[in-house]
Amino acid sequence: MTLTNKNIRSEKEGQIGLVRLNRPQVLNALSCELMDELVAAIEEFDRDDEVRVIILTGNEKAFAAGADIKEMSGEGTVSIMLKDRFATWDRIRNVKKPIVAAVSGYALGGGCELAMSCDIIIASESAQFGQPEINIGVIPGAGGTQRLTRVVGKHKAMEMILTGRPITAREAHELGLVNKVVPVEIYLEAAREVAREIAKKSPLAVRLAKEAVLKAFDGSLTEGLVFERKNFYMLFSSEDQKEGMRAFLEKRPASFTGR
Ligand code: DAK
């Protein structure tokens with residue numbers, strides 16, 4: 001069974017629920033509409049008793065190049081707070097079944113955060129992970145400062161978040177951000193392989209194991225996310241956010257003033 005929405009495709013492969021981001025013209029930029037469709041598809045597989053593991057993927061060139069900058073560029077602090085888009089992202093945290101991210105190409109900004117919201121990450125050799133928000137005058141807003149720091153440690157997270165420079169799949173593997181790096185031709189198959197292995201286990205044990213592992217990250221993660229959100233919202237009052245996003249859309253270097 002294959003379901004095609006405007007921005008995603010989802011199909012059931014026996015016990016695996018496969019969701020593909022499908023906005024290739026903008027490197028799978030995560031628009032609000034795409035996120036709504038994506039989360040609805042994941043939740044449907046989470047409810048489906050036949051499905052044991054969910055795989056989330058993009059295409060060879062891009063897992064996702066981040067939130068949709070065009071959509072975000074006109075936002076101010078109040079408008080972006082009122083839209084409460086984080087509510088959609090939070091729903092991914094409540095998914096009970098394991099989610100395997102199969103990442104090739106760009107996993108940047110919200111794309112990197114989306115991969116980190118999954119439970120296992122299989123990367124192709126061409127994958128690159130990064131938090132480049134600093135280049136457009138903002139900071140990671142969907143958990144990047146918290147999740148990346150917990151996985152790779154303070155100094156590497158600082159370097160990635162403050163310089164905006166991405167890392168290769170191999171570096172990500174060395175840092176423990178990625179489970180496995182494989183040639184681009186087989187990254188999706190490698191994700192299926194691990195999904196099939198997990199699908200053989202007791203679904204109840206898998207569910208409780210996932211819940212318990214995530215507990216190790218919780219507690220102050222919630223506080224951290226609230227803190228990060230406050231700062232993220234605040235930046236939408238700045239001239240630098242407007243300039244950074246405008247410069248990206250106009251394909252020119254940004255000129256930041258610190259205001
Ligand atoms: N948004 C919108 N369009 C994008 C995009 C993005 N993030 N990334 C790429 N595109 C578009 C480009 O504008 C271009 O469109 P056209 O010019 O063809 O119309 C098309 O995709 C192809 O991109 P390029 O021509 O730039 O392709 P290149 O191969 O030259 O470069 C690149 C690839 C990935 C290096 C480059 O596209 C790039 O730097 N992209 C932006 C990466 C980035 O800064 N990502 C972080 C965005 S901020 C939130 C949740 C999450 C977030 C925020 C809020 N809430 C719940 C409130 C997350 C924020 C972010 O992710």
Side-chain angles (χ1 to χ4, degrees), residues 7 21-39 56 58-94 101 103-118 124 126-148 160-169 224-238 240-254 256:
N7 304 287
L21 307 180
N22 190 27
R23 267 190 104 200
Q25 68 283 11
V26 284
L27 306 177
N28 290 334
L30 305 168
S31 62
C32 296
E33 190 180 59
L34 181 149
M35 285 306 297
D36 286 342
E37 290 175 9
L38 170 69
V39 173
L56 178 57
N59 56 51
E60 280 186 16
K61 187 158 182 216
F63 178 71
D68 191 318
I69 301 173
K70 199 168 189 178
E71 196 176 66
M72 232 179 359
S73 60
E75 299 285 4
T77 300
V78 174
S79 66
I80 199 167
M81 273 182 80
L82 290 178
K83 281 189 184 140
D84 192 20
R85 295 301 310 172
F86 290 118
T88 310
W89 287 76
D90 283 341
R91 281 158 57 197
I92 302 173
R93 280 179 80 194
N94 295 325
V103 177
S104 185
Y106 301 114
L108 302 177
C112 187
E113 291 169 310
L114 184 61
M116 288 191 291
S117 299
C118 298
S124 88
S126 76
Q128 49 171 285
F129 297 81
Q131 298 291 160
E133 290 88 345
I134 201 90
N135 296 330
I136 53 168
V138 290
I139 63 171
T145 64
Q146 305 302 299
R147 290 197 180 92
L148 186 65
M160 287 176 69
I161 291 169
L162 300 185
T163 68
R165 229 177 20 239
I167 57 172
T168 63
L225 290 175
V226 169
F227 195 80
E228 180 189 85
R229 259 164 225 195
K230 185 175 62 63
N231 288 359
F232 177 82
Y233 282 143
M234 233 149 53
L235 285 164
F236 278 77
S237 297
S238 72
D240 280 353
Q241 173 264 334
K242 302 278 172 290
E243 164 61 12
M245 294 191 180
R246 212 179 301 124
F248 173 80
L249 296 175
E250 292 167 6
K251 300 185 189 293
R252 60 169 174 81
F256 293 124

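For reference, positions follow the sequence shown, starting with 1. First listed ligand is number 1; within each ligand, the first listed atom is number 1.
The backbone and the side chain of Phe86 each have at least one atom closer than 4.0 Å to an atom of ligand 1 (non-hydrogen atoms only). Of the heavy atoms in Met35, none comes closer than 4.0 Å to ligand 1. Under 4.0 Å from ligand 1, heavy atoms of Arg85 appear from its side chain as well as its backbone. Residue-level proximity to ligand 1 for Ala29 is carried by the side chain, the only part with a heavy atom below 4.0 angstrom.
For atom 26 (O) of ligand 1, the nearest protein heavy atom lies 4.0 Å or farther away. Counting protein heavy atoms under 4.0 angstrom from atom 13 (O) of ligand 1 gives one or more. Protein heavy atoms are found inside the 4.0 Å sphere centred on atom 40 (N) of ligand 1. Distance check for atom 17 (O) of ligand 1: a protein heavy atom is found below 4.0 Å.
Ligand 1 has no nitrogen or oxygen under 3.5 angstrom from a nitrogen or oxygen of Phe248.
With contacts defined as side-chain heavy-atom distances shorter than 4.5 Å, the pair Leu82/Ser79 does not qualify. The side-chain heavy atoms of Leu56 and Leu38, taken from C-beta on, include a pair separated by under 4.5 Å. Under the 4.5 Å side-chain criterion, counting only non-hydrogen atoms from C-beta, Met72 is not in contact with Gln241. Residues Cys32 and Met35 have side chains not in contact (no heavy-atom distance under 4.5 Å, counting atoms from C-beta outward). Between Thr163 and Ile134, every side-chain heavy-atom pair lies at or beyond the 4.5 Å cut-off.
One option in Phe236, Trp89, Phe232 has a heavy atom closer to atom 50 (C) of ligand 1 than any other, and that option is Trp89. Heavy-atom proximity to atom 44 (O) of ligand 1, evaluated over Gly144, Pro132, Gly164, Pro166, is greatest for Pro132. Within the set Ile134, Ile69, Ile136, Leu249, the minimum heavy-atom distance to atom 1 (N) of ligand 1 is found for Ile69. For atom 20 (C) of ligand 1, the choice among Gln25, Lys61, Gln128 with the nearest heavy atom turns out to be Gln25. When the heavy-atom distances from atom 51 (C) of ligand 1 to Pro140, Gly105, Ala142 are ranked, the shortest goes to Ala142. The closest non-hydrogen atom to atom 43 (C) of ligand 1, taken over Gly66, Pro24, Gly109, Ala65, comes from Ala65.
Within the model, atoms CZ of Arg147 and OG of Ser117 stand 4.0 Å from one another, a figure rounded to the nearest 0.5 Å.
In this structure, Glu71 does not count as a contact residue of ligand 1, since none of its heavy atoms falls inside 4.0 Å of the ligand. In this structure, Gly110 counts as a contact residue of ligand 1, since one of its heavy atoms falls inside 4.0 Å of the ligand. Distances shorter than 4.0 angstrom occur between a heavy atom of Leu27 and an atom of ligand 1.
In terms of protein heavy-atom proximity, atom 10 (N) of ligand 1 is closest to Val26 O, 3.9 Å. Looking from atom 28 (P) of ligand 1 to the surrounding protein, the closest heavy atom is Tyr106 OH, 4.4 Å. Protein heavy atom in closest approach to atom 6 (C) of ligand 1: Ala67 O, 3.6 Å.
Taking a cutoff of 4.0 Å between a charged side-chain nitrogen and a carboxylate oxygen, Arg246 and Asp240 do not qualify as a salt bridge. A salt bridge is defined here as a Lys NZ or Arg NE, NH1 or NH2 lying under 4.0 Å from an Asp or Glu carboxylate O, and Asp36 with Arg85 meets this definition. The residues Arg23 and Glu37 are annotated as not salt-bridged, no charged nitrogen and carboxylate oxygen being separated by less than 4.0 angstrom.
Among all heavy-atom pairs drawn from Thr145 and Ile161, the shortest one is CA-CD1, 3.8 Å. When every heavy atom of Glu33 is checked against every heavy atom of Asn7, the shortest pair comes out as OE1-ND2, 3.0 Å. Contact record, Glu75 with Phe236: O-CD2, 3.4 Å, taken as the closest heavy-atom pair.
In the vicinity of Leu108, heavy-atom distances shorter than 4.0 Å reach the ligand 1 atoms 34 (C). Contact atoms of ligand 1 toward Met72: 48 (S), 53 (C) (distance under 4.0 Å to a heavy atom of the residue). Every atom of ligand 1 is numbered from 1 in the order shown, and the set under 4.0 Å from a heavy atom of Lys251 is 17 (O).
Ser104 and Glu60 share no donor-acceptor pair across their side chains, judged by distance under 3.5 Å alone.
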Evaluation steps, ring-ring contact (aromatic ring centres under 6.0 Å, His included), between Phe63 and Phe129: CA-CA 10 Å; Phe63 178 71; Phe129 297 81; 8.2 Å; no
